[in-house]
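Reviewing the structure listed below.
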Amino acid sequence: MKNYQFTAVDRFLRYVQINTQSDPQSTTNPSTEKQKDLSRVLVQELLDMGIADAELDAWGYVYATIPANTAKLTVPTICFCSHVDTSPDVTGAGVKPIIHRQWKGADIVLPDDPTQLIRVADHPDLASQIGNDIITASGTTLLGADNKAGLAEIMDAANYLLTHPDIKHGRIRLLFTPDEEVGRGTEKVDIKKLDADFGYTIDGEALGTLEDETFSADAVKITIQGVSTHPGFAKGKLENAMKIAADLLAALPKNALSPETTEEKEGFVHPTRMEGNQDKAVLEFIIRDFTEVGLQEKETYLQNQLTDVLTTYPGSSAQFVVKEQYRNMKDVLDLHPTVVENALEAIRRVGLSAKRRSIRGGTDGSRLSFMGLPCPNIFAGEHAFHSRQEWVSVQDMEQAVAVIVNVTQVWEERS
């Protein structure tokens, strides 16, 4: 691919300027209509490439096919997947991408908010980027590399394969999803329509990494019913639901069991939303662990803390509702080692050191794996996701494109 003119960066710079934030409180599919603004762009670009079946469905999913060009009939259908939405944690409106060309190694000041400083000491992966072109936002928004870098890389790889018919490959399916950031990215995927044997999300971090293990994840919603009365006549009667909620949060450990105090294979209990008044309050949590046992232990712990707090408020009650979000993809991928090994080989073929690791999070691949599409996660070059300091390297994006192309070749050769 030495003489190929990469298009990933040009696509990426366009995509990030389209606001596609999802909304965790919405009950619609997709959660925000503006996600379709980017999906429609993707469909048109795919049609312009010559992919005749590119389509956007009513739920906001993009499906497309690159037909096989190999004479082999045994090559599995491979799917590449990324998501169009960006995190609701930081605004994605008015993103102004900046390319810091041939970065020299100094801390990066983001001009629209100089307090947003990307310090090399805080971002160790920057150490390998000296001389590369680093893309950031301007300081007041996230960048959207999660996951628009993956979108741009898949689109560039598709363009490369379509313009280089000498690269032999099997049938390839493309899937672009909404609402991954709010845990609903596969909610309306038509797995029969997708019709693929194995898949790869392009939604990972550091150059050369492949993730075949994720958290298992549940959401917990606690609804507290207090005892409400006029505050002027409340002595011995009022049980303030907001204070009960605050007591529960205060009962959580300060130095353990939280995202800010855990690492590697440690799970956590993380409050994400709180609202209410003296009569009723609602607390929402995400529970994370790499094992089902650990997940259950944390949910039991939280429920016991709630029970203890309520002993002080005899007139009040609470509902404790658990909703499954996704499960550790490793349980499925261990049954299909070829899908991981072929990706690692593709990474090595572009001259990178392949690194297999777990991710303290989840991807659409977590759910897709349990829906019948074993689906590990290949790096996209994203860093500092969900923050104003998000960044990606142009050169890492180009390497990701090369890996995607090589994945298709490896599957063709080994089938």
Side-chain angles (χ1 to χ4, degrees), residues 21-34 85-93 179 181-184 187 215-262 266-289 292-326 361-362 386-387:
Q21 279 185 291
S22 46
D23 179 3
Q25 303 309 313
S26 170
T27 59
T28 63
N29 292 96
S31 66
T32 55
E33 279 295 308
K34 60 188 175 184
D85 66 315
T86 58
S87 170
D89 295 344
V90 178
T91 182
D179 290 335
E181 296 291 2
V182 295
R184 293 164 50 193
E187 198 167 88
F215 273 140
S216 286
D218 283 343
V220 171
K221 182 176 181 180
I222 298 174
T223 303
I224 299 169
Q225 180 61 62
V227 178
S228 181
T229 188
H230 190 288
F233 305 90
K235 185 174 181 179
K237 301 175 184 176
L238 176 65
E239 295 183 4
N240 192 318
M242 289 189 294
K243 286 188 175 182
I244 299 171
D247 285 355
L248 177 59
L249 292 179
L252 298 178
K254 302 294 187 296
N255 298 311
L257 211 61
S258 63
E260 62 269 28
T261 61
T262 54
E266 298 172 318
F268 54 75
V269 175
H270 179 46
T272 58
R273 184 169 175 264
M274 176 180 177
E275 67 175 13
N277 53 34
Q278 70 176 22
D279 180 60
K280 182 183 289 187
V282 176
L283 284 168
E284 295 179 0
F285 293 80
I286 57 173
I287 314 296
R288 299 291 186 263
D289 200 275
E292 291 278 339
V293 171
L295 204 64
Q296 183 59 55
E297 288 174 349
K298 289 169 180 59
E299 289 161 8
T300 299
Y301 168 81
L302 182 60
Q303 194 159 27
N304 289 342
Q305 293 298 107
L306 175 63
T307 299
D308 289 346
V309 167
L310 285 173
T311 60
T312 310
Y313 303 91
S316 299
S317 61
Q319 289 183 322
F320 189 98
V321 178
V322 178
K323 180 180 179 181
E324 180 179 319
Q325 293 182 311
Y326 57 85
H386 300 194
S387 78

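Between Pro259 and Val269, the shortest heavy-atom contact is CD-O, 4.5 Å. Closest non-hydrogen pair, Ile224 versus Ala241, comes out as O-CB, 3.9 Å. Considering all non-hydrogen atoms of both residues, Gly362 and Tyr326 come closest at N-OH, 3.1 Å. Of all heavy-atom pairs between Ser26 and Arg184, the closest is O-NH1, 2.9 Å. Considering all non-hydrogen atoms of both residues, Ala318 and Leu310 come closest at CB-CD1, 3.9 Å. Between Ser31 and Asp179, the closest heavy-atom pair is OG-OD1, 2.6 Å.
Note that OH of Tyr301 and CG of Leu252 are 5.5 Å apart. Values are rounded to the nearest 0.5 Å. With values rounded to the nearest 0.5 angstrom, Gln296 atom CD is found 10.5 Å from Ile287 atom CD1. Interatomic distance, CG of Asp279 versus CD of Glu239, reported as 11.5 Å (0.5 Å rounding). Atoms CG and CD, from Leu283 and Glu275 in turn, are 10.0 Å apart once rounded to the nearest 0.5 Å. From Lys280, atom NZ reaches atom OG of Ser316 across 12.5 Å, with rounding to the nearest 0.5 Å.
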From CA spacing to verdict: side-chain contact (heavy atoms from CB on, under 4.5 Å), Lys298, Leu302
CA-CA 6 Å; Lys298 289 169 180 59; Leu302 182 60; over 6 Å; no
Tell me, with the steps shown, if Thr300 and Gln303 meet side-chain contact (heavy atoms from CB on, under 4.5 Å).
CA-CA 5 Å; Thr300 299; Gln303 194 159 27; 5.7 Å; no
Go through the steps to decide whether Thr86 and Glu181 satisfy the test side-chain contact (heavy atoms from CB on, under 4.5 Å), and finish with yes or no.
CA-CA 6 Å; Thr86 58; Glu181 296 291 2; 5.6 Å; no
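Scanning for side-chain contact (heavy atoms from CB on, under 4.5 Å) contacts around Thr262 gives Glu266, Phe268, Arg360, with sequence neighbours left out. Residues forming a side-chain contact (heavy atoms from CB on, under 4.5 Å) with Val293 (at least two apart in sequence, or on another chain): Thr291, Glu297.
Among residues at least two apart or in separate chains, there is no salt bridge (Lys or Arg N to Asp or Glu O under 4.0 Å) pair with a member in residues 245-262.
Exactly one residue among Asp218, Val322, Val220 makes a side chain to side chain contact (heavy atoms under 4.5 Å, CB included) with Phe285. That residue is Val220.
Residues His270 and Thr272 form a side-chain contact, since some pair of their non-hydrogen atoms from C-beta on lies under 4.5 Å apart. The side-chain heavy atoms of Pro271 and Leu249, taken from C-beta on, include a pair separated by under 4.5 Å. Counting heavy atoms from C-beta on, the side chains of Thr91 and Gln21 come closer than 4.5 Å. Contact of the Tyr313 side chain with the Val227 side chain is not registered, since no non-hydrogen atoms from C-beta on lie closer than 4.5 Å.
Side-chain contact, Asp23 with Thr32: no donor N or O sits under 3.5 Å from an acceptor N or O. A donor-acceptor pair shorter than 3.5 Å can be found between the side chains of Gln278 and Ser228.
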